S.K.: 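Have a look at the structure that comes next, please.
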Protein chains: 2
Amino acid sequence: MVARQVDPDRVFAALADPTRRDIVTRVLREPASVSTLAAGYAMSFAAVQKHVAVLERAALVTKQRRGREQLVRGEIDTVRAVGRLLDDYEELWRGRIGRMEELLAEDSRKDTP
Amino acid sequence: MVARQVDPDRVFAALADPTRRDIVTRVLREPASVSTLAAGYAMSFAAVQKHVAVLERAALVTKQRRGREQLVRGEIDTVRAVGRLLDDYEELWRGRIGRMEELLAEDSRKDTP
DNA sequence: CTGACGTGCAACCACAAGGTTGTACGTTAC
DNA sequence: GTAACGTACAACCTTGTGGTTGCACGTCAG
């Protein structure tokens, strides 16, 4: 349950936008509806909804119907999975290779076709 | 020296590309010249050079002249700084706020103008 | 000195990304 | 039932991004 499969492309790209990072911080504190979130930003509702969709595809948030609202909730497990990705870099840097090979091979398949 | 200032936008965006992540893993293992790196990918030299430039702007790598070559070296401190950013999310999730306020305010200035 | 190498940069192209407005549809309130 | 709310999505525009080729410049080998 803890070992969440994470798409590095999507997660890092999702976190590269300040609005999306802010949304993540807000829903990690406590879940909120999309319109509640949208009220906090100087952009259209549709724009915020798109940001939420990007975060959802990256598994950084999940949505849950609650009446006619949609509760957006932060997914800390995905954040932790990203942290683990970074730990892999750390180990690489320390010169420890070992099982690293297959993990990185999976990631760089599309790089070196 | 350890406390490296990191631009979340640039670092996350830089890490969102598989080729760039692969470059980072390679130069974290051991520094390499740009052309050596370029030889490993199925794209033009200029494309790889641009990727390296993006990584350099994000402070994920540094370049160092060595004769007519340019040694690209991975910057583990920046990776660690990103990890610390993620730790902030973790603390947020745990409900610990405190000094978090000013840290996040600095990050979300551009979000909520 | 000349030539090859390694690098940086500009111009260009295709497509993805972030924003907008407008429309549609299910759900609650009255 | 009607109206308002919350959400989703399509169409569109503009800008950014990842790729290309071509050219210029410094550095080393001969």
Side-chain angles (χ1 to χ4, degrees), chain A residues 7-24 26-27 30-58 60-73 107-113, chain B residues 7-24 26-27 30-58 60-73 107-113:
Chain A
D7 179 347
D9 282 43
R10 286 194 179 154
V11 182
F12 284 124
L15 290 174
D17 186 278
T19 304
R20 286 196 290 260
R21 283 197 305 276
D22 196 69
I23 291 176
V24 169
R26 286 169 69 165
V27 298
E30 71 175 333
S33 72
V34 181
S35 45
T36 303
L37 287 174
Y41 303 97
M43 69 185 71
S44 71
F45 169 83
V48 175
Q49 190 221 340
K50 273 209 227 174
H51 281 306
V52 172
V54 170
L55 290 170
E56 193 183 15
R57 255 179 279 128
L60 280 163
V61 307
T62 52
K63 283 189 288 190
Q64 179 182 0
R65 283 247 150 219
R66 191 171 239 278
R68 64 178 163 184
E69 294 188 348
Q70 192 92 267
L71 256 248
V72 181
R73 166 187 323 274
D107 186 27
S108 57
R109 242 178 314 164
K110 5 182 183 174
D111 305 352
T112 56
Chain B
D7 179 346
D9 282 42
R10 287 194 179 153
V11 182
F12 283 124
L15 289 174
D17 186 279
T19 303
R20 287 196 290 260
R21 283 197 305 277
D22 196 68
I23 291 177
V24 170
R26 285 169 70 166
V27 298
E30 72 175 331
S33 73
V34 182
S35 44
T36 303
L37 288 173
Y41 304 97
M43 68 185 70
S44 71
F45 168 83
V48 175
Q49 189 219 341
K50 273 212 230 172
H51 281 306
V52 172
V54 170
L55 290 170
E56 194 182 15
R57 254 179 281 128
L60 280 164
V61 307
T62 52
K63 282 190 290 192
Q64 179 183 358
R65 282 245 151 220
R66 192 172 238 278
R68 63 180 164 184
E69 293 188 348
Q70 192 92 269
L71 256 248
V72 181
R73 166 187 324 273
D107 185 26
S108 57
R109 243 178 315 165
K110 8 183 181 173
D111 307 351
T112 56

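Chain naming here is simple, since letters A, B, ... match the order of the sequence lines and numbering starts at 1 in each. Predicted, not measured: the structure shown is a model, and the values here were computed from it.
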S.K.: Tell me the closest heavy-atom pair linking A/A58 and A/V11, and the distance in Å.
M.R.: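 Heavy-atom minimum between the residues: O-CG2, 3.6 Å.
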S.K.: Would you please name every residue forming a side-chain contact (heavy atoms from CB on, under 4.5 Å) with A/A13, sequence neighbours left out?
M.R.: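 In terms of side-chain contact (heavy atoms from CB on, under 4.5 Å), with neighbours along the sequence ignored, A/A13 is linked to B/A16.
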S.K.: Could you state the atom-to-atom distance from CD of B/E69 to P of C/dT7 in whole Å?
M.R.: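 Those two atoms, CD and P, are 6 Å apart.
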S.K.: What is the distance from CG of B/L37 to P of C/dT7, rounded to the nearest Å?
M.R.: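 About 9 Å, once rounded to whole Å.
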S.K.: Whole-Å distance between C/dT27 P and A/L71 CG?
M.R.: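 Roughly 16 Å, once rounded to whole Å.
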S.K.: Suppose we screen for side-chain contact (heavy atoms from CB on, under 4.5 Å). Which residues come up paired with A/R73, at least two apart in sequence or across chains?
M.R.: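 By the side-chain contact (heavy atoms from CB on, under 4.5 Å) rule, A/R73 matches A/P31, A/T62, A/Q64, A/E75.
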S.K.: Would you give a per-nucleotide map of nucleotides 24-30 of chain D, 5' to 3', where B means the base has a protein non-hydrogen atom under 4.0 Å away, S means only the sugar-phosphate does, and - means neither?
M.R.: ---BB--
S.K.: Report for the helix from C/dC1-D/dG30 to C/dC30-D/dG1: angle between first-end and last-end helix axes, five pairs each, rounded to 10 degrees.
M.R.: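 Helix axis angle between the two ends: 30°.
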S.K.: According to a strict under-4.0 Å criterion, is B/Q49 in side-chain N/O contact with OP1 or OP2 of C/dG8?
M.R.: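 Affirmative; the distance criterion is met.
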S.K.: What are the two closest non-hydrogen atoms of B/A14 and B/L60, and how far apart are they?
M.R.: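 In this case the closest contact between B/A14 and B/L60 is CB-CD1, 3.9 Å.
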S.K.: Which pair of heavy atoms, one from B/L15 and one from A/F12, lies closest together, and at what distance?
M.R.: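 In this case the closest contact between B/L15 and A/F12 is O-CD1, 3.4 Å.
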S.K.: What are the two closest non-hydrogen atoms of B/R68 and B/R65, and how far apart are they?
M.R.: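 For B/R68 versus B/R65, the nearest heavy atoms are O-NH1, 4.0 Å.
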S.K.: Specify the closest pair of heavy atoms between A/D9 and B/P18, including all atoms of both residues, with the distance to one decimal.
M.R.: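 The answer is OD2-CD, 3.3 Å.
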S.K.: I'd like a table of atom pairs between the protein and nucleotides 17-23 of chain D - only N or O on both sides, under 3.5 Å - with the distance next to each one.
M.R.:
residue : atom : partner : partner atom : Å
D/dG18  : OP1  : B/R20   : NH2          : 2.9
D/dG18  : OP2  : B/R20   : NH1          : 3.3
D/dG19  : OP2  : B/H51   : NE2          : 2.2
D/dG19  : N7   : B/K50   : NZ           : 3.0
D/dG19  : O6   : B/K50   : NZ           : 2.4
D/dT20  : OP1  : B/S44   : N            : 3.3
D/dT20  : OP2  : B/S44   : N            : 2.8
D/dT20  : OP2  : B/S44   : OG           : 2.6

S.K.: Just the rounded figure in Å: distance from P of C/dA17 to CZ of B/F12.
M.R.: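 From B/F12 CZ to C/dA17 P: 18 Å.
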S.K.: Ignoring backbone atoms, test whether B/K63 places a side-chain nitrogen or oxygen under 4.0 Å from the OP1 or OP2 oxygen of C/dG8.
M.R.: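 It does, given that an N or O in the side chain of B/K63 lies less than 4.0 Å from OP1 or OP2 of C/dG8.
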S.K.: To the nearest 0.5 Å, what is the distance between OG1 on B/T19 and CG on B/L37?
M.R.: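 The CG atom of B/L37 is 11.5 Å from OG1 of B/T19, to the nearest 0.5 Å.
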S.K.: Return all side-chain donor-acceptor pairs below 3.5 angstrom for residues 45-55 of chain A, not counting sequence neighbours, or 'none' if the list is empty.
M.R.:
residue : atom : partner : partner atom : Å
A/H51   : ND1  : A/R20   : NH1          : 3.2

S.K.: Sequence neighbours excluded, which residues qualify as side-chain hydrogen bond (donor to acceptor under 3.5 Å, both in side chains) partners of B/S44?
M.R.: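 If we apply the side-chain hydrogen bond (donor to acceptor under 3.5 Å, both in side chains) test to B/S44, skipping adjacent residues, there are no hits.
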